[in-house]
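Values below: every heavy atom of this structure, side chains too, minus hydrogens, waters and symmetry copies. Both ligands and their constituent atoms are indexed starting at 1 by order of listing. Along the sequence shown, residues carry numbers from 1.
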Amino acid sequence: MTKTAVVTAGTGGIGLETALGLAAAGFAVTVIGRDADRGARAVERINAENPAHPGRFLAADLASLDQVRALAGTLAAEHAASGEPLTVLVNNVGAMFTKRQDIDGLEGSFVVNHLSPYLLTELLLPTLTAGAPSRVVNVTSVSVAVARRVFDEVEPPGGYYAFHWYGRAKLANLAYTLDLAKRLQGTGVSVLAADPGGAATDMTNGTMTNPDIVSPALRLVWPLVRRMFVRATSATAATAARPSITAATDPALAGRTGLVIGSSATPVTPSRAATNPRIVDAVRRLSQTHAPLTTTQANTQHPG
Ligand SMILES: NC(=O)c1ccc[n+]([C@@H]2O[C@H](COP(=O)([O-])OP(=O)(O)OC[C@H]3O[C@@H](n4cnc5c(N)ncnc54)[C@H](OP(=O)(O)O)[C@@H]3O)[C@@H](O)[C@H]2O)c1
């Protein structure tokens with residue numbers, strides 16, 4: 001039986017390197033992105049890595065929850081029809097917006113870094129369970145350490161600081177990841193987080209040298225912070241993909257769940273905030289409210 005993997009934002013940066021690693025490990029890989037030319041180039045590289053199991057590109061803007069629902073529907077229907085297991089889902093999509101973005105009335109970094117991967121995962125759970133043993137890998141970040149730990153609403157009160165808002169969305173996603181691992185105990189679906197450390201990619205290019213992304217307190221020590229950012233993003237995307245590839249494929253992790261694979265590609269202790277029951281409950285409530293599984297639910301919850 002062919003092992004299959006889906007890598008979101010898999011046509012560039014860390015996601016493409018993750019897709020190449022999975023192809024080298026024998027997976028038939030589907031990469032998701034927005035740009036078809038970039039997708040075609042990614043598939044060429046994946047096919048060179050694993051000619052026996054060609055890769056493919058599916059277009060979706062993962063900032064759109066409607067497109068996430070449509071993508072999940074396509075993938076679920078295909079696996080149901082072919083009987084092939086969905087062995088690995090790598091939720092690699094992420095974004096840090098220097099200026100605040102509004103996406104369908106919601107703050108953009110929370111949508112892209114948490115609600116989108118949450119929704120895709122929830123909608124694919126029946127497929128992942130049918131294909132078990134299977135793994136979900138959610139890509140996290142050290143930025144969870146600077147997150148405001150207030151989850152009463154999608155967006156915390158106060159000014160917008162991209163790095164901290166990004167970290168908060170990643171913290172929400174990490175709390176969801178560890179909560180989901182508990183929920184799925186005994187199903188054969190393992191749920192892991194992978195921290196790439198840092199790499200020079202489209203996402204970090206230009207953003208990490210802009211003091212506007214951090215809070216006024218950190219701006220006071222900006223030269224220090226900037227040096228730290230430059231150092232932290234100096235690795236290649238291939239190096240930064242190792243934690244995701246390990247989380248998705250390492251046989252030593254078979255049957256293990258609820259782990260965070262750190263930037264050295266070994267398990268690390270998760271941030272304590274991610275297992276704080278108050279945060280876990282609040283994130284679950286926000287996710288269910290703002291990323292309902294069906295559009296009917298979405299329309300009922302947001303009439304007009
Ligand atoms: N780079 C770092 O230092 C770092 C550090 C910690 C964590 N991370 C995390 O690692 C993951 C990958 O980061 P990266 O730096 O490789 O990011 P990136 O450079 O922005 O990744 C580029 C890829 O993302 C796709 N993409 C971007 N927005 C998309 C959207 N709305 N819908 C679909 N595809 C989208 C692009 O495809 P298209 O151009 O076709 O849309 C392309 O395939 C993210 O979760 C990020 O938060 C990165």
Which residue and atom name correspond to the protein heavy atom nearest [atom], and how close is it?
{"atom": "atom 39 (O) of ligand 1", "answer": "Arg38 NH1, 2.8 Å"}
{"atom": "atom 31 (N) of ligand 1", "answer": "Asp61 OD1, 2.9 Å"}
{"atom": "atom 44 (C) of ligand 1", "answer": "Asn92 O, 3.0 Å"}
{"atom": "atom 40 (O) of ligand 1", "answer": "Asp35 N, 2.7 Å"}
{"atom": "atom 14 (P) of ligand 1", "answer": "Thr201 OG1, 3.6 Å"}
{"atom": "atom 41 (O) of ligand 1", "answer": "Arg34 NE, 2.5 Å"}

* Please check if the distance between the ring centroids of Tyr166 and Phe97 is under 6.0 Å. => no
* When you look at CZ of Arg256, are more than 12 heavy atoms from neighbouring residues, nucleotides or ligands closer to it than 6.0 Å? -> no
* **Atom CG of Asp281 with >12 non-hydrogen neighbours under 6.0 angstrom** => yes
With only distance considered, is [X] within less than 3.5 Å of ligand 1 through an N or O on each side?
{"X": "Ala95", "value": "no"}
{"X": "Gly12", "value": "yes"}
{"X": "Asp202", "value": "yes"}
{"X": "Thr11", "value": "yes"}
{"X": "Lys170", "value": "yes"}
{"X": "Asn113", "value": "no"}
{"X": "Ala199", "value": "yes"}
{"X": "Pro196", "value": "no"}
{"X": "Tyr166", "value": "yes"}
{"X": "Leu62", "value": "yes"}

* Structure fact -> From the list Thr8, Ile14, Leu22, side chain to side chain contact (heavy atoms under 4.5 Å, CB included) with Val90 holds only for Leu22
* Charged tip of Arg148 within 45° of Tyr161 ring normal and under 6.0 Å -> no
